[in-house]
K.L.:
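Shown below is the structure under consideration.
Predicted model, so just to flag it, every value in this text is computed and none were measured. Residue indices begin at 1 and follow the sequence shown.
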Amino acid sequence: QVQLVESGGGLVQPGGSLRLSCAASGSIFSRSTMAWYCQAPGKQRELVASISSGGSLYYADSVKGRFTISRNNAENTVDLQMNGLKPEDTAVYYCNLATWTLTYWGQGTQVTVSS
């Protein structure tokens, strides 16, 4: 069984930065693709960024150049550094762990970008 625990959300002004962290339990972390998703009110959950077990990266067009995803296999953590935040980035952000056959979600952390 895998548990994912997110931290680092909060309220920030436009143009500000936040760093989200996700800590994973279990032994499959290093073999998994890790990702961050977001879900704004009234919208579907969507992929923000992902990093594969081999280090391949993906970013949604809306966050390219502003967000950076990174992982630490020794500590079973994945981070999302968010710079240049915009009001439209406001959402609940979820950590996701996926293998070929399994997927797990964290409980989510709220990010609010407002002046």
K.L.:
Spell out, yes or no, whether V63 and L47 are grouped together once hydrophobic residues are joined by side-chain heavy atoms under 4.5 Å, including indirect joins.
P.N.:
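Different clusters: V63 never reaches L47 through Ile, Leu, Val, Met, Phe, Trp or Tyr contacts under 4.5 Å.
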K.L.:
Okay, side chain of N96, backbone of M34: is any donor-acceptor separation there less than 3.5 Å?
P.N.:
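Here the side-chain-to-backbone pair does not exist.
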K.L.:
List for me each residue that meets salt bridge (Lys or Arg N to Asp or Glu O under 4.0 Å) alongside R45, sequence neighbours excluded, and say none if there are none.
P.N.:
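Salt bridge (Lys or Arg N to Asp or Glu O under 4.0 Å) check on R45 returns nothing, list empty.
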K.L.:
Does I69 reach the side chain of Y58, with side-chain heavy atoms less than 4.5 Å apart?
P.N.:
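No - every pair of side-chain heavy atoms lies 4.5 Å or more apart.
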K.L.:
Does the side chain of T112 come under 3.5 Å of the side chain of Q110 through a donor N or O and an acceptor N or O?
P.N.:
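The answer is yes; a qualifying pair exists.
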K.L.:
When you group the ILVMFWY residues by side-chain heavy-atom contacts below 4.5 Å and let the links chain together, are L57 and Y93 in the same group?
P.N.:
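Yes, one cluster joins them.
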K.L.:
Does atom CD of Q44 have more than 12 heavy-atom neighbours from other groups under 6.0 Å away?
P.N.:
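At most 12 heavy atoms, drawn from other residues, nucleotides or ligands, come within 6.0 Å of this atom.
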K.L.:
Minimum heavy-atom separation for Y104 to I28, with atom names?
P.N.:
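Closest approach of Y104 to I28, heavy atoms only: CE1-CD1, 4.3 Å.
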K.L.:
To check you understand the geometry: which heavy-atom pair defines the closest contact between L97 and A24, and what is its length?
P.N.:
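Closest heavy-atom pair between L97 and A24: CD1-CB, 4.5 Å.
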K.L.:
Please round to the nearest 0.5 Å and tell me the distance separating atom CG of L4 and atom CG of N76.
P.N.:
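It is 10.0 Å, given to the nearest 0.5 Å.
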K.L.:
So, R71 side chain and V78 main chain: donor-acceptor pair closer than 3.5 Å or not?
P.N.:
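Not a single qualifying donor-acceptor pair exists.
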K.L.:
Can you tell me how far OH of Y94 sits from CG of L20, rounded to the nearest 0.5 angstrom?
P.N.:
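Output value for this atom pair is 13.0 Å.
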K.L.:
Look up atom OG in S115 and atom CG in L11, then write down how far apart they are to the nearest 0.5 Å.
P.N.:
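Answer rounded to 0.5 Å: 9.5 Å.
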K.L.:
Verify, without hydrogens or angle tests, whether T90 (side chain) and V113 (backbone) share a donor-acceptor contact under 3.5 angstrom.
P.N.:
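Side chain of T90 to backbone of V113, a donor-acceptor pair under 3.5 Å: yes, one is there.
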K.L.:
About how many Å separate OH of Y37 and CH2 of W105, when rounded to the nearest 0.5 Å?
P.N.:
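With rounding to 0.5 Å, CH2 (W105) is 5.0 Å from OH (Y37).
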K.L.:
For residues T77 and F29, report the shortest heavy-atom separation together with the two atoms involved.
P.N.:
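Shortest heavy-atom contact: O-CZ, 3.3 Å.
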K.L.:
How many angstroms lie between atom CH2 of W36 and atom CE of M82, to the nearest 0.5 angstrom?
P.N.:
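W36 atom CH2 to M82 atom CE measures 8.0 Å (nearest 0.5 Å).
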K.L.:
Do the charged groups of K64 and D61 touch, with an N to O distance under 4.0 Å?
P.N.:
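Salt bridge present between K64 and D61.
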K.L.:
Any pair with a residue in residues 14-32 that passes side chain to side chain donor-acceptor pair (under 3.5 Å), sequence neighbours left out, goes on the list, sorted by first then second residue, please.
P.N.:
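Of all non-adjacent pairs touching residues 14-32, those that pass side chain to side chain donor-acceptor pair (under 3.5 Å) are S17-N83, R19-D79, R19-Q81, S21-D79.
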K.L.:
Kindly give the heavy-atom pair with the smallest separation between S52 and T33, and that separation in Å.
P.N.:
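In terms of heavy atoms, the two residues are closest at CA-OG1, 3.7 Å.
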K.L.:
Over all heavy atoms of both residues, which pair between T68 and Y59 is shortest? Give the atoms and the distance, please.
P.N.:
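Here T68 and Y59 meet closest at CA-OH, 3.3 Å.
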K.L.:
Taking all non-hydrogen atoms of both residues into account, name the closest pair between S50 and A35 and its distance.
P.N.:
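Closest pair (atom of S50, atom of A35, distance): CB-CB, 3.7 Å.
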K.L.:
Roughly how far apart are E6 CD and Q107 CD, rounded to 0.5 Å?
P.N.:
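Between E6 CD and Q107 CD, I get 4.5 Å after rounding to 0.5 Å.
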